[in-house]
Amino acid sequence: MKFILDTEKCEGHNRCYTFAPELVDVDDYGYASAKGDGNVPADLEDKARLCADNCPEFAITIEE
Ligand code: SF4
């Protein structure tokens with residue numbers, strides 16, 4: 001699974017970081033980006049989907 005975060009769409013609500021700090025980096029202004037190469041370990045797949053489902057800006061997509 002790949003975790004893709006479109007930084008152009010992110011408005012910095014930090015919901016994704018709250019759900020999955022393992023997958024998300026946040027800058028000093030609260031804007032998020034995918035951590036590392038975006039590959040999701042199997043044990044974090046549920047959290048990745050939670051992030052995508054709860055981003056109010058639809059900035060996160062998941063590639064299965
Ligand atoms: S939930 Fe969406 S808008 Fe909010 S910080 Fe994460 S990617 Fe950005």
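Counting convention: from 1, in listed order, for ligands and their atoms alike.
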- State, yes or no, whether a side-chain contact exists between Ile62 and Lys2 at a heavy-atom distance under 4.5 Å. no
- Under-4.0 Å heavy-atom contact with ligand 1, by part of Glu11 that carries it: backbone
- Just need the protein heavy atom nearest to atom 8 (Fe) of ligand 1, so name the residue and atom and give the distance. Cys10 SG, 2.4 Å
- Arg15: numbered ligand 1 atoms lying under 4.0 Å from its heavy atoms: 1 (S)
- Query: Is the shortest heavy-atom distance from the side chain of Ile60 to the side chain of Ile4 under 4.5 Å?
  - Reply: no
- Quick check: does any side chain N or O of Asn14 sit under 3.5 Å from a backbone N or O of Tyr17, one acting as donor and the other as acceptor? no
- Message: One thing to verify: whether Glu22 and Lys47 come together as a salt bridge, which I'm taking to mean a side-chain N less than 4.0 angstrom from a carboxylate O.
- Response: yes
- Item | atom 5 (S) of ligand 1: the protein heavy-atom neighbour that sits closest, reported with distance to 0.1 Å | Asn14 N, 3.1 Å
- Message: I'd like to know if the side chain of Arg15 reaches the main chain of Asn54, judged simply by a donor and an acceptor atom lying under 3.5 Å from each other, with no hydrogens or angles considered.
- Response: yes
- Query: Counting from 1, what ligand 1 atoms have a heavy atom of Ala32 closer than 4.0 Å?
  - Reply: 5 (S)
- Query: For ligand 1, which atoms have a heavy atom of Glu57 less than 4.0 angstrom away?
  - Reply: 3 (S)
- So do the side chains of Lys35 and Val24 get within less than 4.5 Å of each other, counting heavy atoms only? no
- Heavy-atom check, side chain of Glu57 versus side chain of Glu8, under 4.5 Å: no
- Presence of N, O or S from Cys51 under 2.8 Å of atom 6 (Fe) of ligand 1: no
- Task: Note the single closest protein heavy atom to atom 2 (Fe) of ligand 1, along with its residue, its atom name and the distance in Å.
- Result: Cys55 SG, 2.3 Å
- re atom 6 (Fe) of ligand 1, the protein heavy-atom contact at minimum distance is Cys16 SG, 2.2 Å
- Task: Looking only at protein heavy atoms, identify the closest one to atom 4 (Fe) of ligand 1 and say how far it is in Å.
- Result: His13 N, 3.2 Å
